[in-house]
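Only heavy atoms go into these numbers, but all of them, side chains included; no hydrogens, no water, no symmetry mates. Labels below follow one simple rule: chain letters A, B, ... track the order of the sequence lines, proteins then strands, and each chain is numbered from 1. As the structure is a prediction and not an experimental result, all values here were calculated from the model.
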Amino acid sequence: MVLLLWASVLLPLVAAAATRLAGPRADVVALAGAALAAIPAWIMLVAAAGGERAISATTWLPAAPGLDVGLRLDALSVVMAVTVASVGLAVVAYAGGYFADEPRRPAALAGLLAFLCAMQGLVLADGYLTLLIFWEIVGALSARLIAFNRAEPAGPAGAVRAFLTTRAADVGLYVALLALYAGAGTVAFGSDRPDGELGALVGIGLVLAAMGKSAQAPLQGWLAGAMAGPTPVSALLHSATMVAAGVYLLVRSHELLTGWPLEVAGWVGAITAVAGAVIALAQQDLKRVLAASTTSQLGLMFVGAAAGGPAVAIFHLVAHAAGKAALFLAAGMFQHDREGTSLERLRGAGRDDRAAMAIFAAGALSIAAVPPFAAFWSKDAITAAAEGHAGWLALVLVAGAGGAAYLLRVARILWAPAPRGLPAVAGHRTMAGAAGTLAAASVGLGLVGAPLSALLGAELPAITVTSVALSLIAAGVGAGAILLGWRAPAAVATAARAGLYADAMLRHVVQAPVAFGSRLAARLDDRVLDGAIDATGRGTLRVAGAQWRLEERGIDAAVDATGRAALRVACAQRRLEEGAIDAAIDGLARSIGRAGAQNRRLQTGRLYEYLRDTVLGTVAVVVLIALAAVL
Amino acid sequence: MSGLGTALVFWPGAAIMLATALYVFRTSSMARAGLLLLASLGVEGLLFLALASEFLGVLQLLMMSGEMVIMTFFMIMFMPDPGGLMGMDMTHDKRRSASLAVAVAVALAIFAVLTDWPAATLNGEAPDVRQIGFEVMGRSMFSFLFAGITILFAMVGGTMLAKHGGRFAAEAEGDLR
Amino acid sequence: MTVADMKAMEERMIGDLPWLSPIGALVLAAVIAIVLALVLPRRRQGLVGAWVAGAHLAAAGLAAAVWIDRGFARVLEGTVMVDGLALTLTGIVGIAGALCVGLARPMLAGTDREGEFYAVLAASSLGAVVLGSAADAALLAIALGLLSLTSFIMTGYLRHSERGNEASLKYYIYGTVSGAVMVYGLTFWFGIAGTTDLAAVGRAVAGAPDAVVIASTALVVVGLAYKASLVPFHFWTPDVYDGAPLPVAAYLSVLPKLAGLIALARVLPMALPDGAVGWPTAIAILAAVTMTLGNLAALAQSNVVRLLAYSSIAQAGYLLMGIAALSGSPQGIPALVYYAIAYAVTNIAAFAVVIAVQRERDRVDLQAFAGLGRRHPWWTATLILSLLSLVGIPPLSGFVGKLEVFSAAIDAGQAWLAVIAVVNTVISLFYYLRVIAPAVLDTPGDAPPATTAGRPLNAVLSLATAATVAVGVAAEPLLWLAERSVPLATG
Amino acid sequence: MISLPVVLAVAAVMFGIGLYGVLGQTNTIMVMMGVELMLGASMLNLVGFMRYAWPDAASGAFFVLIVMTLMALEAAVGFGLVISVFRNRRTAELDDLTELEG
Amino acid sequence: MPWLTIAVLLPLLGAALTAALPARLIAAPRIIALSAAGLSLLALLITVARFDPGAGMQLVEEARWIPSLDVAWRLGVDGMALALCLMSAILFLAAIAYGVGPRPLGRTAAALLLSLQGATLAFFLAEDFFLFYVAFDLTLVAMYFLIALWGGERKRYAALKFFLYTLIGSLPVLLGIIALSLSAEGEPTFDMIRLAEERPIAGSGVGASLVFLAFFVGFAIKTPIVPFHTWLPAAHVEAPTVGSVLLAGVLLKLGTYGLVRVNLQMLPDAFAQFALPVALLGLLSVLYGALVAMAQTDLKRLIAYTSVNHMGYVVIAIAAAASTGISPEARALAIDGAVLQMLAHGLVTGALFFCVGFIHTRAHTRELGALGGLMKPMPVYGSLIALAFFASLGLPGLAQFPAELQIFLGAFDAWPAVAAVAVIGIVLTAAIFLRALQRAFLGETPERWKRLPDLDRRELVTLLPLLILVVALGVYPRLALDLISSGSWLQ
């Protein structure tokens with residue numbers, strides 16, 4: 001089993017390397033690799049169903065105990081692994097076609113496979129340390145894949161935004177890990193939350209990390225930007241697997257998060273579910289609609305994890321993975337047909353490309369929770385679980401209505417009578433096959449609810465009449481609103497189009513202050529700190545240059561004072577002319593005349609002045625020794 | 001010499017010595033300055049005699065007369081306006097130097113008067129001249145010999161500097177740089 | 001004193017003669033040099049130099065022999081101390097003097113008083129050694145006189161050079177005035193003790209009025225401080241170094257200066273035992289002022305000789321730290337002695353390069369050093385090593401010297417002085433780099449064609465450079481020496 | 001009557017006069033005279049000490065001899081220098097010697 | 001065989017040899033330098049084989065040097081020293097392979113690089129304060145010349161500033177060393193092993209605090225800790241590529257190594273008193289360095305400032321280890337993390353500076369605004385620099401992640417708030433590097449960059465080993481951690 005664990009992580013990596021080097025046949029190599037890599041996961045699923053559990057860990061940081069890295073086989077991890085591997089296989093197969101005309105196809109496919117490696121690591125990780133490692137790698141690979149179209153400005157920008165947002169949230173995971181280790185002395189899964197502030201840090205940190213990864217409000221903005229990446233990437237990373245890692249984290253950390261942290265997560269999820277739906281309704285780009293839908297659905301999973309426990313959340317995760325991936329893959333097909341994903345451009349595309357439309361419809365029906373599609377059952381479980389919590393229930397129902405509404409809106413646009421008939425692009429066959437498989441899965445996966453709950457050992461709330469009725473009414477209301485042409489108030493629509501201003505808020509609250517602080521610090525560094533150092537140097541030089549002045553004026557002044565006392569009466573007038581004014585004029589003339597060599601005026605060259613200063617120096621030494629003697 | 005005798009010689013002597021010394025720097029004639037210095041240091045010799053150091057006093061008179069005559073010659077040779085006919089000012093920075101010198105002198109004098117000096121147990125006569133001989137030939141012999149060497153090299157050096165032409169007559173102006 | 005006493009004294013003094021052999025060697029060096037200068041023909045005058053250099057080395061060798069063979073003694077009825085301090089000074093003078101002869105030879109060759117110059121140099125070295133060995137006020141005064149007079153003469157050697165004249169005259173007046181002040185101070189010491197024996201002064205000081213001790217000490221310090229060019233008695237230094245022939249400046253920057261410092265280190269604790277009237281603190285402040293002003297002034301220089309002059313002033317400040325510490329720490333004198341050795345070889349190396357450059361380009365401002373690295377890599381190496389050693393960059397000799405004086409200061413409870421010295425070291429780096437940078441980084445420009453320095457100068461260059469490095473890297477023998485170079489106790 | 005402080009005070013005034021000469025005179029030889037006076041003051045000091053405090057101290061008398069020697073030698077070398085300078089510059093004025101500065 | 005001595009002396013001998021080579025042997029300096037550096041690395045690898053990670057300070061090689069100061073040639077290794085030595089030797093090998101100045105590697109360049117290597121290794125291996133300080137300062141001199149000879153436009157200013165500023169740092173260290181050595185029981189000693197065991201300056205009184213601060217200021221400047229860092233950007237921007245690589249990769253580690261070796265091991269009580277302020281300074285470095293870096297438009301300056309950020313983590317870890325409230329495990333974690341961070345930062349930042357050098361030689365600019373879309377013409381280069389960027393922002397799987405994580409873990413035990421705030425630094429670095437990546441490497445490729453050649457063989461040979469090590473350390477940090485095992489030598 002240990003071997004299988006490692007195989008399911010490492011095989012995709014090997015496949016990625018092979019694909020990168022494969023050249024024109026990269027699609028075949030990648031497909032084979034992905035298929036091969038899916039096998040261990042399925043075997044493990046079977047074994048896990050038979051009660052098999054395994055852990056393979058090794059000490060990673062030897063300085064202190066408890067800092068192991070390793071993989072684990074248990075029900076949760078294996079379910080996730082199978083989901084990842086299967087969706088991954090389908091997407092890789094699809095991508096072979098999608099990237100057919102792309103000169104950098106090997107790199108793209110290798111990137112997907114490498115991502116699969118990291119994602120498997122994430123879901124199979126044993127302990128928060130390993131989880132953190134893969135968590136971050138997944139984020140980085142995600143950024144790399146988003147930026148695949150590097151010449152377009154949107155890709156790199158979206159990648160940067162995605163990575164920075166998720167990494168900022170990852171601070172939570174870091175802090176949670178630190179606090180957990182400090183409090184419990186271990187980073188293993190399943191320990192109890194430490195007391196006091198450490199426990200609070202653990203709770204807040206984990207929830208924050210999950211929110212970031214799963215694009216929960218108010219951090220959801222990055223997911224829309226991530227849509228700049230190629231569509232298979234969006235399908236695999238930004239709908240089915242990576243973004244679901246946040247839900248996985250919540251489920252995995254159930255014991256650590258019981259109580260208020262889950263409550264928080266639930267509220268976040270519920271609000272995001274509604275917010276995502278609202279945003280989805282306002283988007284003018286198919287992929288962005290789907291992205292917003294993803295945040296909404298992930299929000300539902302948060303509610304599920306908080307209200308209903310692992311089985312509910314994971315059930316919806318799996319069902320959503322299949323459905324949403326199918327939707328994205330269909331969107332990718334439309335994208336190939338019409339060379340774009342804006343809804344305007346796609347108007348009527350469904351009529352030209354019936355296969356894609358069928359796949360889209362299957363996915364959409366599932367996500368919109370139309371029975372008997374898979375997500376109907378899973379979402380219903382969430383509704384049922386939320387029944388005890390009026391606030392969540394209301395929000396879930398609103399989100400359900402919204403889900404029906406935005407999918408119906410998109411479907412109507414896709415199926416609208418086309419102004420121009422463009423043929424479906426050739427080479428769709430692999431793409432259609434892969435996408436179709438997922439669409440089929442999204443139909444059938446409704447059945448896995450019971451086995452899943454058995455496997456996870458967690459209750460799936462019984463479906464009640466109330467819950468079904470409420471779900472159906474909600475979906476119906478949503479669909480009806482679209483069919484009746486109901487329009488949202490303009491303010492809501494504007495806000496929704498702007499992502500409910502979450503981005504703007506982040507920009508003003510975080511980004512701008514940081515940028516300002518950065519510029520300020522840079523200027524401080526350059527002008528003040530460094531300037532001070534340089535000024536000190538210059539000052540020293542000036543002191544050196546001024547030393548002659550000290551000799552000329554300081555010592556002279558002392559002598560003058562003595563002289564004044566002795567000879568004031570007799571020659572006050574002459575002294576003034578000869579002494580002070582002359583000296584002043586001389587000094588001025590000298591300073592002008594030799595301004596260039598100002599620093600060299602230490603020595604006047606006049607011996608009597610040396611001698612006079614020496615006598616004064618002697619007096620000074622006498623005083624000095626006298627002082628030393630007195631002290 | 002008795003205390004009274006000493007006083008009788010000392011006070012006028014000291015007055016003359018200081019007055020001539022001061023006038024060395026108040027006159028505008030080089031030659032006069034040299035002669036005044038000679039007078040001042042000569043009178044100092046007399047003071048030595050009065051202070052019971054006959055040997056030193058005589059020696060001082062001899063040395064100074066020789067030295068100061070030479071100095072006067074030099075002055076006449078190298079000074080502008082040795083006779084002081086043009087009344088040129090040979091001083092600079094007069095006030096500062098005067099005030100500084102006065103301050104130093106006053107400070108030293110006050111310090112001399114106010115300090116509780118060690119006093120001799122017996123107000124005896126001056127040291128036997130023989131003792132000076134013993135000192136020179138005994139404990140301070142090395143210093144004495146060393147003074148001789150110093151004289152030698154002062155002579156050599158003075159000549160080196162003063163005599164412009166070299167010993168190697170052919171290239172008398174033989175300074176390479 | 002009776003005749004019988006005299007007889008006994010005569011016996012003792014004759015017995016003391018072997019201890020005086022290093023001094024005797026220098027006397028012979030000087031006197032025979034005059035004779036040789038008179039008898040040798042013009043083109044053979046270089047032999048006088050060889051003789052004087054050899055005699056210097058012989059003096060150093062004899063000093064070693066005395067050390068090993070006879071040990072230390074107060075000789076000649078306590079007027080001369082032949083102890084570690086004096087013998088080490090003799091060694092330094094012997095070796096540095098010989099090196100300076102090598103430096104001077106190219107300049108002197110063919111001039112009309114070459115032989116006499118060497119003789120005067122030998123006499124000057126003699127004065128330096130005696131100044132450092134004297135334990136008697138009269139001897140101190142006359143030794144200072146010899147040292148000063150010969151220095152004036154050497155400075156004015158190039159009689160046609162107006163700059164030389166000026167330098168010499170300024171030096172002369174400054175020196176005689178300072179000497180007169182010191183003599184005036186010494187008379188008060190005599191007044192305290194009733195004898196010119198400084199050890200007796202040390203015994204009498206405790207009973208003497210403080211005011212007298214303070215004033216006389218200050219006056220005595222003037223004379224020695226002027227020799228060592230301590231601030232505020234340094235004014236002559238840059239002008240004289242600038243105007244004097246460069247080899248003479250090299251000589252002046254090492255021998256009279258070190259002699260003056262070592263005389264301070266001997267005279268002060270001897271006449272003012274146990275830090276009477278708090279002189280160590282006063283000297284410490286003097287050290288701080290000296291190094292600070294020296295370094296600040298050097299910053300502004302563009303003439304390398306003047307720069308080195310101020311550098312030598314600053315270095316005197318570091319050397320003075322050893323003296324300031326000597327009553328508070330047993331490390332004071334060893335630090336002074338080691339630093340003196342390191343400074344001597346380092347400064348001679350630095351001057352050797354400047355002399356070589358001056359001979360090639362006939363000027364010594366910073367531009368004269370531009371591109372030296374391309375044309376004369378070995379000179380440049382010497383320049384870099386010697387200047388960095390003056391900064392105190394390890395493992396060069398100057399570093400170990402600094403280590404020693406800092407240790408002494410801290411050990412003597414003068415950590416503040418060490419801190420000031422540290423600040424000064426940083427400042428000093430700045431101007432030393434101002435010389436190094438054009439030498440290494442600039443291009444030569446339109447300089448005259450490269451020349452060779454000549455055999456004696458080359459020999460001195462390489463020897464002094466090797467010593468600059470070796471004294472630091474293989475510091476042990478010299479530290480061993482320095483630790484034993486303490487003055488004899490004179491309770 | 002005469003006592004040690006009186007002698008010392010006279011010497012101090014003499015020293016001060018010498019110092020005045022040193023500081024205030026422009027001519028090298030005049031400055032040298034100032035130095036002579038300063039040394040003369042030292043001698044007077046020594047003689048005073050011998051007369052009133054240490055009558056048996058022959059080393060003081062020897063010191064006076066040394067000071068006299070110094071006076072003479074400094075004068076000798078000084079004259080040599082003055083001649084040398086005078087030959088080059090036709091002057092022995094110190095104020096003209098300001099080429100070396102900076 | 002004294003392998004440590006061999007590892008130190010081989011480069012130094014190589015330096016002497018190359019310096020003395022005749023100029024016509026054009027290829028020889030490179031060959032000699034490569035073999036000397038390679039053999040030195042080999043000697044270190046042999047040492048690894050002989051090394052027992054659990055035994056603390058070991059394999060001590062001692063030879064008499066200056067017995068009167070108790071100075072000896074003492075070399076020894078513990079985990080930290082050995083790990084840093086290995087890293088330095090590898091970086092030096094890469095630096096020599098890449099070269100500096102005109103190609104092929106010239107005599108001066110080879111000699112400077114080798115002497116810098118010798119000094120660095122001597123510093124890390126020194127168990128004698130004298131040698132420690134000598135090596136500390138020698139690195140300054142060698143780096144000064146590297147910058148001054150082959151730097152950018154304002155190389156003189158930068159070199160001078162570097163030298164002056166770091167000399168300001170090194171001299172307080174000298175004072176501290178003296179104070180420590182004087183306070184040893186019995187005779188003063190420079191033996192670091194003894195001083196670490198005896199800890200003569202115990203407690204946290206004024207004296208101990210002053211000594212602590214002297215060392216701290218020196219090492220803080222070297223590290224550099226804000227606000228002592230302003231020399232760093234100037235030096236980096238003007239330094240040649242190899243100079244920057246070695247400066248950031250190796251020389252900065254001198255400061256943190258010193259903090260551990262001296263402040264932590266010899267002055268623990270005083271450090272405990274200052275632990276929190278030091279940690280806060282470290283935190284300030286982390287945040288401030290990152291913020292300033294973010295505003296930079298010059299890629300090299302940007303990387304220079306991230307060094308301030310990365311070294312800030314090390315400082316936090318060391319301070320945490322010094323604090324009183326920390327558990328032994330967390331202490332070991334912190335120091336393990338600190339040392340690993342030094343290694344990782346050396347490799348990563350070394351690689352980054354190489355990368356900057358590669359682009360500078362091609363495009364003659366490092367302005368982020370002027371560059372753009374470089375990934376297209378130079379895919380290999382782009383991928384490698386992206387890898388280095390990700391390593392530098394602490395991505396797991398690359399070397400800095402385990403280091404920073406351990407630092408956070410250790411520091412969290414002492415001060416949770418400090419560690420938690422420090423974590424924010426990783427977001428800032430991510431922002432810095434991703435934006436740089438976006439602006440310089442992604443996006444539209446301007447016409448003038450379309451024909452830039454990708455990396456050549458020499459550049460790959462230089463860069464790849466470093467990146468391979470970065471990955472290896474990131475995946476399996478025990479490669480280094482088992483060697484470091486700070487628990488065994490950190491009492």
Side-chain angles (χ1 to χ4, degrees), chain B residues 78 97 101 104-105 107-121 127-128 130-177, chain C residues 1 5-6 9-10 13 20 27 30-31 34 37-38 41-42 75-80 107-113 116-117 119-120 123-124 126-127 130 134 136 138-139 142-143 145-146 149-150 152-154 156-161 168 191-192 194 196-197 204 207-209 211-212 215 245:
Chain B
F78 293 117
S97 44
V104 168
L108 283 172
I110 290 174
F111 154 80
V113 174
L114 294 187
T115 305
D116 182 20
W117 294 102
T121 42
D128 193 349
R130 265 192 353 140
Q131 292 291 342
I132 299 177
F134 281 139
E135 176 74 24
V136 171
M137 285 297 123
R139 189 179 157 278
S140 293
M141 175 131 76
F142 182 73
S143 311
F144 189 65
L145 292 174
F146 196 79
I149 294 170
T150 310
I151 292 170
L152 172 64
F153 280 94
M155 282 158 56
V156 169
T159 319
M160 254 173 84
L161 293 175
K163 191 167 177 308
H164 225 218
R167 272 182 292 118
F168 309 107
E171 295 160 74
E173 303 290 311
D175 292 4
L176 288 185
R177 288 190 180 277
Chain C
M1 188 175 281
D5 291 343
M6 282 299 291
M9 191 194 280
E10 193 184 320
M13 287 172 64
L20 293 176
V27 172
V31 174
I34 292 180
L38 287 172
R42 181 167 194 174
V75 297
L76 302 179
E77 303 302 303
T79 53
V80 175
M107 172 199 82
L108 293 170
T111 54
D112 58 347
R113 303 278 195 213
E116 284 92 333
F117 179 90
V120 172
S124 192
L126 173 66
V130 174
D136 182 273
L139 185 56
I142 194 75
L146 178 60
L149 293 176
T150 47
F152 311 149
I153 293 164
M154 287 193 287
Y157 178 77
L158 297 178
R159 299 186 301 285
H160 285 287
S161 152
S168 178
I192 293 168
T196 53
D197 184 358
V212 180

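Listed by chain and number, the residues in a ring-ring contact (aromatic ring centres under 6.0 Å, His included) with C:Phe152 are C:Tyr171, C:Tyr172 (sequence neighbours excluded). The side-chain hydrogen bond (donor to acceptor under 3.5 Å, both in side chains) search around B:Ser143 returns none, not counting sequence neighbours. When the side-chain contact (heavy atoms from CB on, under 4.5 Å) test is applied to C:Thr196, the partners found at least two apart in sequence or on another chain are B:Arg139, C:Asp136, C:Ala137, C:Phe190, D:Ser59, D:Phe63.
Remark: C:Leu139 CG to B:Phe144 CZ distance equals 13.5 Å, nearest 0.5 Å. Atom CZ in B:Phe142 sits 9.5 Å away from atom CE in C:Met13 (nearest 0.5 Å). Remark: C:Arg113 CZ to B:Leu161 CG distance equals 9.5 Å, nearest 0.5 Å. C:Arg159 contributes atom CZ, which lies 6.5 Å from atom CE of B:Met160 (distance to the nearest 0.5 angstrom).
Looking at C:Val130, the atoms closer than 4.5 Å to chain B (heavy atoms on both sides) all sit in the side chain, from C-beta outward. Both the backbone and the side chain of C:Ala30 come within contact range of chain B, each with at least one heavy atom under 4.5 Å from a heavy atom of that chain. For C:Ala119, the parts sitting under 4.5 Å from any heavy atom of chain B are the backbone and the side chain alike.
With respect to chain C, the highest number of heavy-atom pairs below 4.5 Å among B:Asp116, B:Ile149, B:Thr150 belongs to B:Thr150. Contact count against chain B (heavy-atom pairs under 4.5 Å) is highest for C:Ala143 among C:Ala208, C:Gly145, C:Ala143. Contacts with chain B were tallied for C:Ile34, C:Val31, C:Thr150; C:Ile34 has the most, counting heavy-atom pairs under 4.5 Å.
Using a 4.5 Å cut-off on side-chain heavy atoms (C-beta onward), B:Phe146 and C:Val27 make no contact.
Of the residues listed (C:Leu146, C:Ile153, C:Leu126, C:Leu149), the one engaging B:Phe153 in a side chain to side chain contact (heavy atoms under 4.5 Å, CB included) is C:Leu146, and it is the only one.
Contacts of residues 107-115 of chain B with chain C at a heavy-atom distance below 4.5 Å involve B:Leu108, B:Phe111, B:Thr115, listed in sequence order.
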